[in-house]
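Reckoned from all heavy atoms, side chains included, excluding hydrogens, waters and symmetry mates. Each chain gets a letter, A, B and so on, in the order its sequence line appears, and its residues count up from 1.
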Amino acid sequence: MATVRTRFAPSPTGYMHIGGMRTALFNWLWARHNEGQFILRIDDTDQERNVEQALIPILRAFRWLGLDWDEGPEVGGVYAPYFQSQRHLFYDQSKQQLLDAGQAYHDYDTPEQIRADRQAAKKEGRNYLNIRRSLELTAEQIEQYELEGRPSVVRFSVPRDQFVTIDDAIRGRVEWDCSLICDPVIVRGNGSPLYNFATAVDDGLMQITHVIRGEEHLSNTPIQALIHQALGHELPQFVHIPYVAAPGSKEKLSKRKLDKYRKNPQFKKMFDKADQVLPQIGLAGSRALDPVMVEYYVRMGYLPAAVLNALARLGWSLDDKTEIMTLESIIDNFTLDRVIKSPAGFDPDKLISLQTHWIGQLPIEDKIDGCLAYLVKAGLIDAHPDTAVRSYISEILVAMGNRLKIFCDILDHREFFVADDQLDYDEKAFEKRIRKTNAADLLEKFSERLATTETFDAESLEKLMHDFVETEGIKIGQIIHSVRVAVSGKSVGIGLFDCLALLGRKRCLIRLDRALKRL
RNA sequence: GGCCCCGUCGUCUAGCUAGGUCCAGGACACCGGACUUUCGAUCCGGUAACGCGGGUUCAAAUCCCGCCGGGGUCACCA
């Protein structure tokens with residue numbers, strides 16, 4: 001059996017689409033599962049801008065997830081070049097082959113003519129089929145046109161008396177009536193090839209065995225199949241996987257609908273989080289960074305393992321139970337027959353839950369490193385923390401437990417890093433837990449206890465609290481919330497005694513005092 | 001509108017190829033309870049789905065037909 005060769009062919013857009021990443025992942029997975037090759041090819045036939053620049057975020061996304069490519073940019077390969085913009089020779093050759101065989105022709109129709117044809121078809125309510133006027137031209141007329149320098153495109157000549165059939169690995173047998181298919185333009189007036197043509201030429205030349213792509217490409221598959229056929233290529237196995245839909249919808253996830261997504265309840269959380277975090281770490285607002293891009297997850301502090309796990313579960317499953325999977329396990333078990341047919345809505349909540357799992361698996365040192373980056377960027381600690389700082393963070397992380405889901409969540413606990421006089425108070429919490437409850441008296445007394453107690457670890461502090469409550473003859477709820485707000489500025493957070501112990505006696509006393517003075 | 005694809009809890013999905021063990025399983029979310037300290041933490045529990053209508057059959061989520069619904073795509077973009 002031939003070696004499995006899959007490919008992902010991104011257009012250099014300057015960012016990596018999360019749905020595209022999922023497609024890339026499936027291609028990579030299938031190649032790795034079969035010990036075949038995964039090729040990265042850059043579809044830049046229509047690129048005016050700086051391709052190299054636009055490619056950086058895409059390659060970075062691949063590297064971040066640990067998806068390596070056997071052939072492609074930077075690594076080369078026997079089928080080089082891997083940029084379509086550098087493959088004109090091949091396209092010219094194939095174009096000529098088609099032209100010579102009468103399977104393609106120069107079309108001299110003007111855009112105006114074509115537009116008129118389309119409108120006429122629409123008006124009459126029939127399917128638009130291009131009119132092959134240029135085929136009626138005499139040799140003299142063509143010569144005349146060429147002399148005039150009249151522009152022409154090259155169209156592939158669809159055999160209108162046929163049916164094209166493909167046997168898709170996921171959809172099964174799909175058939176199209178060629179008499180309904182327009183002759184596609186394969187080469188522009190300026191000589192550059194078009195997607196459907198370049199793709200078929202390259203997939204054939206590069207010996208691609210499996211074309212795994214989003215279902216949205218199903219409709220241009222007959223054209224590619226026809227071109228393969230005309231070029232004498234063996235047809236690759238087509239694998240049309242369901243596209244990734246926006247959360248809670250069946251619509252394809254699209255970068256153009258960002259404004260709409262900001263209102264999507266699930267996506268909204270992600271946007272809000274970015275709005276809150278990014279300014280703190282010196283990045284512009286989330287306008288430049290959104291959850292449709294892989295970059296978002298990188299910058300927010302998600303784990304590759306989590307994103308990989310979530311992406312793999314979008315349209316694919318191992319069995320009826322397994323949710324948590326390592327990349328190795330996914331590779332081992334990844335088969336095409338377990339890919340689902342219907343669109344898969346991207347679920348941010350599921351991602352978070354997977355992320356929570358994977359971050360929980362991380363060795364503490366890695367967790368520290370992950371959080372450190374955010375603390376440094378936010379200016380809360382020095383760039384080169386000593387071991388004391390590291391172990392302080394370590395203790396905080398232990399106390400946080402699964403409250404830390406994403407690395408940037410560490411910024412929700414600024415209270416452990418800011419100077420005592422810089423601590424911000426949540427005014428609503430302060431009002432409710434301190435001002436309204438007339439907590440001043442109790443806080444003062446509690447403060448005295450803290451000042452005199454011998455040991456200041458979580459356990460003894462808890463004991464101290466219970467003693468205090470008993471001697472004062474109050475309920476614990478009457479004091480504990482006030483203390484929390486006084487020392488941390490907020491009403492929620494890690495366990496109170498862990499919080500007090502972490503801050504240490506001195507800071508607790510200063511903060512308690514400061515809170516009292518605000519009254 | 002033409003062509004094509006899809007349709008199981010709110011969401012991701014298992015089951016459908018070889019009909020019964022499925023009054024449909026798991027996970028996330030949600031709701032509730034517990035933890036005589038909060039919580040977006042932890043533990044426990046609960047609600048919740050085979051789009052509709054016909055067939056075939058002793059038996060259908062699973063097979064057949066029709067309908068309805070959703071989506072993708074119709075460029076000298078990829």
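- Ion pairing of A:Arg7 with A:Asp203 is present here, as a side-chain N (NZ or NE/NH1/NH2) and a carboxylate O approach within less than 4.0 Å.
- The interatomic distance linking A:Asp349 (CG) with B:U11 (P) rounds to 13 Å, in whole Å.
- Figure legend. B:C4 is base-paired to B:G71; pairs are counted as Watson-Crick or G-U wobble with both atom distances under 3.5 Å.
- Residue A:Arg41 is classed as having no contact, given no heavy-atom separation below 4.0 Å to the nucleic acid.
- A:Gln224 has its CD atom 18 Å from the P atom of B:C4, to the nearest Å.
- Among the nucleotides B:A14, B:A27, B:C28, the one closest to any side-chain atom of A:Asp320 is B:A14.
- For the C1' atoms, the distance from B:A48 to B:G32 is 15 Å, rounded to whole Å.
- With respect to A:Asp426 and A:Lys432, no salt bridge is recorded, no charged nitrogen being found less than 4.0 Å from a carboxylate O.
- Going from atom CG of A:Leu397 over to atom P of B:A41 covers 17 Å, rounded to whole Å.
- Across the interface with RNA chain B, nearest-nucleotide mapping of A:Gly477 and A:Arg313 shows A:Arg313 to be the residue nearer the 5′ end.
- No salt bridge links A:Glu148 with A:Arg150; every basic N to acidic carboxylate O contact stays at or beyond 4.0 Å.
- Ionic pairing of A:Lys490 and A:Glu415 is present here: one or more N-O contacts between side-chain nitrogen and carboxylate oxygen are shorter than 4.0 angstrom.
- Nucleotide B:U37 holds its P atom 16 Å from the CG atom of A:Leu464, rounded to whole Å.
- Here the C1' atom of nucleotide B:U38 and the CE atom of A:Met465 are 12 Å apart, to the nearest Å.
- To the nearest whole angstrom, the two P atoms, one in B:A18 and one in B:C9, are 25 Å apart.
- B:C77 and B:G40 have their C1' atoms separated by 43 Å, with the value rounded to a whole Å.
- Across B:A78 and B:G69, the matching P atoms stand 35 Å from one another, rounded to whole Å.
- When heavy atoms are screened at a 4.0 angstrom cut-off, A:Glu175 is found touching the sugar-phosphate backbone but no base atom.
- At a cut-off of 3.5 angstrom, the base of B:U37 holds at least one donor-acceptor pair with the side chain of A:Arg484.
- Under the 3.5 Å distance criterion, with hydrogens and angles disregarded, a donor-acceptor pair is assigned to the side chains of A:His217 and A:Tyr195.
- Residue-to-nucleotide proximity on RNA chain B shows that, of A:Ser317 and A:Gly248, the 5′-proximal contact is made by A:Gly248.
- Using Watson-Crick or G-U wobble geometry with both donor-acceptor distances under 3.5 Å, B:G10 finds its partner in B:C28.
- Nucleotides B:C63 and B:U21 are separated by 16 Å at their P atoms, to the nearest Å.
- Base pairing of B:G53 is made with B:C65, judged by Watson-Crick or G-U wobble geometry with both donor-acceptor distances under 3.5 Å.
- Heavy atoms of A:Gly214 sit nowhere under 4.0 angstrom from any nucleic acid atom.
- Nucleic acid contact for A:Ser491: base, since at least one base atom lies under 4.0 Å from a heavy atom of the residue.
- If you take CD of A:Glu415 and C1' of B:U38, they are 13 Å apart, rounded to a whole angstrom.
- Residue A:Ile340 is classed as a sugar-phosphate contact, given heavy-atom separations below 4.0 Å to backbone atoms only.
- We find that CZ of A:Phe163 is positioned 14 Å from C1' of B:C4, with the value rounded to whole Å.
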Contact string for nucleotides 62-78 of chain B, one letter per nucleotide 5' to 3', B = base within protein heavy-atom range under 4.0 Å, S = sugar-phosphate only, - = neither, reads --------SSSS-SBSB
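- Of all the residues in residues 403-414 of chain A, A:Arg403, A:Lys405 reach under 4.0 Å from RNA chain B with at least one non-hydrogen atom.
- In the model, A:Asp409 has no side-chain atom that pairs as donor or acceptor with a side-chain atom of A:Tyr374 under 3.5 Å.
- Counting only heavy atoms from C-beta on, A:His481 has its side chain closest to B:U37 among B:G25, B:U37, B:U11.
- Classification of the A:Phe468-A:Phe446 ring pair by plane angle, with boundaries at 30° and 60°, yields perpendicular.
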What protein N or O atoms touch nucleotides 34-36 of chain B N or O atoms at under 3.5 angstrom, if any, and at what distances?
none

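- Residue contacts shown for A:Phe497 include a base, since a base heavy atom lies under 4.0 Å away.
- Using a 30° and 60° split on the angle between ring planes, A:His466 and A:Phe497 fall in the tilted class, from 30° to 60°.
- Side-chain N/O atoms of A:Ser488 and A:Arg484 include no donor and acceptor closer than 3.5 Å.
- Under 3.5 Å, the side chains of A:Thr322 and A:Asp319 contain a donor-acceptor pair of N or O atoms.
- Note on A:Ile494: a base of the nucleic acid sits closer than 4.0 angstrom, heavy atoms only.
- Atom pair A:Phe346:CZ and B:U13:P shows a separation of 13 Å (rounding to whole Å applied).
- Comparing B:C6, B:C28, B:G2 by their nearest atom to the side chain of A:Lys350 picks out B:C28.
- Taking atom P on both B:G15 and B:G66, the two are 27 Å apart, rounded to the nearest angstrom.
- Here the straight-line distance linking atom CG of A:Asp168 with atom CZ of A:Arg173 works out to 13.0 Å at 0.5 Å rounding.
- The side chain of A:Val492 lies closest to B:G40 when the candidates are B:C3, B:U13, B:G40.
- A salt bridge is absent between A:Arg449 and A:Glu472: the closest approach of a Lys/Arg side-chain nitrogen to an acidic carboxylate oxygen does not fall below 4.0 angstrom.
- Across all strands shown, B:A41 forms no Watson-Crick or G-U wobble pair with both distances under 3.5 Å.
- A:Asp43 and A:Gln84 share a side-chain donor-acceptor pair at under 3.5 Å.
- Listed nucleotides: B:C12, B:C4, B:A14. Nearest to the side chain of A:Trp176: B:C4.
- With respect to A:Glu215 and A:Lys341, no salt bridge is recorded, no charged nitrogen being found less than 4.0 Å from a carboxylate O.
- If you take atom C1' in B:A29 and the same atom in B:G72, they sit 28 Å apart, rounded to whole Å.
- With no hydrogens or angles considered, a side-chain donor-acceptor pair links A:Gln276 and A:Asp412 at under 3.5 Å.
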